[in-house]
There are 2 protein chains.
Amino acid sequence: MSKTSHANAQAGAALQARPFAPIVQRLRQAGLRPTRQRLCLARLLFEPGDRHVTAEQLHSEANAARVEVSLATIYNTLHQFTEAGLLREVVIEPGRSYFDTNVTNHHHFFLEEDGALMDIPGEHIALAQLPEPPAGLKVSRVDVVVRVTRGK
Amino acid sequence: MSKTSHANAQAGAALQARPFAPIVQRLRQAGLRPTRQRLCLARLLFEPGDRHVTAEQLHSEANAARVEVSLATIYNTLHQFTEAGLLREVVIEPGRSYFDTNVTNHHHFFLEEDGALMDIPGEHIALAQLPEPPAGLKVSRVDVVVRVTRGK
DNA sequence: AAGAAAGTTTGTAATTATTCTAAAGTTCTT
DNA sequence: AAGAACTTTAGAATAATTACAAACTTTCTT
């Protein structure tokens, strides 16, 4: 049964996210009950394609979509999804967390004026000579943020 | 020894920071009056060599050194120093800002368990093929954070 | 050096983002 | 259907940071 993604078109790009599995399945596999709230948020998050949201933004969207969800649930859900590997948290500015629906290997442009994030595909950036991590430590992740501006 | 460590010769490494100028001069050049508070904080920050502090940490240190400085002034000062190029703000975790006394080109290891930051000298890491920034935008800075752990 | 102008510091209140809590509601198992 | 397990939620609580206006220092003028 574990022919997980069946990768119909050897979709290397599809990756772990398994975009073809219905959302209910993805939640179940993550050990999360498919509640009304989680399903709605998952649709808002994953159906439009790659995006970056803050908790407040997602809350507004949910409200706009006439979905009743408390802010506490927004936070719970974002963290549970992140925990489950469905989202990735990106820290760029003090006092605000972005959640990225693209969990594949990539980095970011950050437009300082607008607070907007844009993906840089993993192949378009590369680190040469990453230094050895200090004794006994393992690299868990490397984040690259390219800050860009209009002015200046 | 690394080539950068023998700074004296045509001190390209000394950089804007001008470590030999007395602190009073550095503040004046930054357009900041050398007040008792700023001088004390500057000494706490710059005399011990490269370091990473949060506002709360610096406040504790000042208290410990029997220097009366309000938390508001700590924040003001950290931001003014950053503005003046004497410090650099590093955002790594939501809800907490670090200020780095090393303003030369470099990146960071972040030890997730302890919330500790360590410098990675600029020469020890390199980006290959940085992508073109989106139309009309200029790269103002590139931040690389290598997150490391003990466990896992 | 005195007085005024300009810039700083500070206690406190206010804000912002986020987390906590316990009660009420939902989903799953049997 | 009933109970157990898990979720949601309103609202209180926390944490980090910023705002404000009065009191204070430093610098500038004369």
Side-chain angles (χ1 to χ4, degrees), chain A residues 22-42 44 52-63 65-84 86-87 89-99 115 117, chain B residues 22-45 52-63 65-84 86-87 89-99 115 117:
Chain A
I23 289 172
V24 174
Q25 301 306 323
R26 292 173 70 186
L27 291 182
R28 283 240 168 74
Q29 283 175 32
L32 298 171
R33 289 181 180 175
T35 62
R36 172 177 66 77
Q37 291 85 338
R38 295 210 266 235
L39 286 170
C40 293
L41 295 179
L44 288 172
H52 305 90
V53 293
T54 63
E56 284 293 352
Q57 273 168 29
L58 185 58
H59 191 217
S60 303
E61 282 183 27
N63 286 340
R66 303 253 206 69
V67 177
E68 301 242 312
V69 192
S70 73
L71 193 50
T73 295
I74 299 281
Y75 278 103
N76 289 340
T77 303
L78 287 172
H79 288 140
Q80 292 156 347
F81 282 14
T82 299
E83 191 79 4
L86 302 176
L87 289 177
E89 188 173 0
V90 186
V91 182
I92 304 256
E93 286 189 304
R96 185 204 276 34
S97 268
Y98 291 83
F99 291 85
L117 273 180
Chain B
I23 289 172
V24 173
Q25 301 306 322
R26 292 173 70 186
L27 291 182
R28 282 239 169 72
Q29 283 175 32
L32 298 172
R33 289 181 179 175
T35 64
R36 174 178 65 75
Q37 292 85 337
R38 295 209 266 236
L39 286 170
C40 293
L41 294 179
R43 296 188 56 183
L44 288 172
L45 286 168
H52 305 92
V53 294
T54 63
E56 284 293 353
Q57 274 169 29
L58 185 58
H59 191 217
S60 304
E61 282 183 29
N63 287 339
R66 303 252 206 70
V67 178
E68 302 242 313
V69 191
S70 72
L71 192 49
T73 296
I74 299 280
Y75 277 103
N76 289 341
T77 303
L78 287 173
H79 288 142
Q80 291 157 346
F81 283 14
T82 300
E83 191 79 5
L86 302 176
L87 289 177
E89 187 173 2
V90 185
V91 183
I92 303 256
E93 286 189 304
R96 185 203 274 38
S97 268
Y98 291 84
F99 291 85
L117 273 180

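Just the heavy atoms: all of them, side chains too, but no hydrogens, waters or symmetry mates, feed the values below. Each chain gets a letter, A, B and so on, in the order its sequence line appears, and its residues count up from 1.
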Quick one: label [X] by what it contacts on the DNA or RNA (base, sugar-phosphate, nothing), any heavy atom closer than 4.0 Å.
X: T54(A); result: nothing
X: E68(A); result: sugar-phosphate
X: P94(B); result: nothing

To the nearest angstrom, how far is [X] atom [atom1] from [N] atom [atom2]?
X: L32(B); N: dT26(D); atom1: CG; atom2: C1'; answer: 13 Å
X: L39(B); N: dT25(D); atom1: CG; atom2: P; answer: 15 Å
X: Q80(A); N: dT18(C); atom1: CD; atom2: C1'; answer: 15 Å
X: L27(A); N: dT7(D); atom1: CG; atom2: P; answer: 10 Å
X: L71(B); N: dC20(D); atom1: CG; atom2: P; answer: 18 Å
X: E83(A); N: dT19(C); atom1: CD; atom2: C1'; answer: 15 Å
X: I74(B); N: dT8(C); atom1: CD1; atom2: C1'; answer: 14 Å
X: L78(A); N: dT8(D); atom1: CG; atom2: P; answer: 12 Å

**Report entry** Separation between CG of L86(B) and OG1 of T77(B), rounded to the nearest 0.5 Å
**Finding:** 11.0 Å
Query raised in the report: When rounded to the nearest 0.5 angstrom, what distance separates CD in Q80(B) from CG in L87(B)?
Result: 11.0 Å
Requested in this report: Between A55(A) and R36(A), just flag the one whose closest nucleotide in DNA chain C comes earlier from the 5' side.
Outcome: A55(A)
Report task. By nearest nucleotide on DNA chain D, pick out whichever of S97(B) and T77(A) is the more 5' one. Result -> T77(A)
Report task. Would you kindly compare A72(B) and T35(B) by the position of their nearest DNA chain D nucleotide and give the one closer to the 5′ end? Result -> A72(B)
Just to confirm, is there a sub-4.0 Å distance from OP1 or OP2 of [N] to any side-chain nitrogen or oxygen of [X]?
X: R28(A); N: dC28(C); result: yes
X: H79(A); N: dT18(C); result: no
X: R38(B); N: dT8(C); result: yes
X: R96(A); N: dT16(C); result: no
X: Q37(A); N: dT9(D); result: yes

Query raised in the report: Is there a side-chain contact between I74(B) and L78(B) (heavy atoms, below 4.5 Å)?
Result: yes
Query raised in the report: Are any of the side-chain heavy atoms of F99(B) and T82(B) separated by less than 4.5 Å?
Result: yes
Query - Quiz item: R33(B) side-chain donor-acceptor pair to dT26(D) base, under 3.5 Å - result: yes
Query raised in the report: Okay, side chain of T73(B), backbone of V69(B): is any donor-acceptor separation there less than 3.5 Å?
Result: no
Query raised in the report: Does H59(B) have any ring-ring contact (aromatic ring centres under 6.0 Å, His included) partners at least two apart in sequence or in another chain, and if so, which?
Result: none
**Report entry** Closest listed nucleotide, where the reference is the side chain of Y75(B) and the choices are dT8(C), dA16(D), dT18(C)
**Finding:** dA16(D)
**Report entry** Candidates dT9(D), dT27(D), dT10(C) - which lies nearest the side chain of T73(B)
**Finding:** dT10(C)
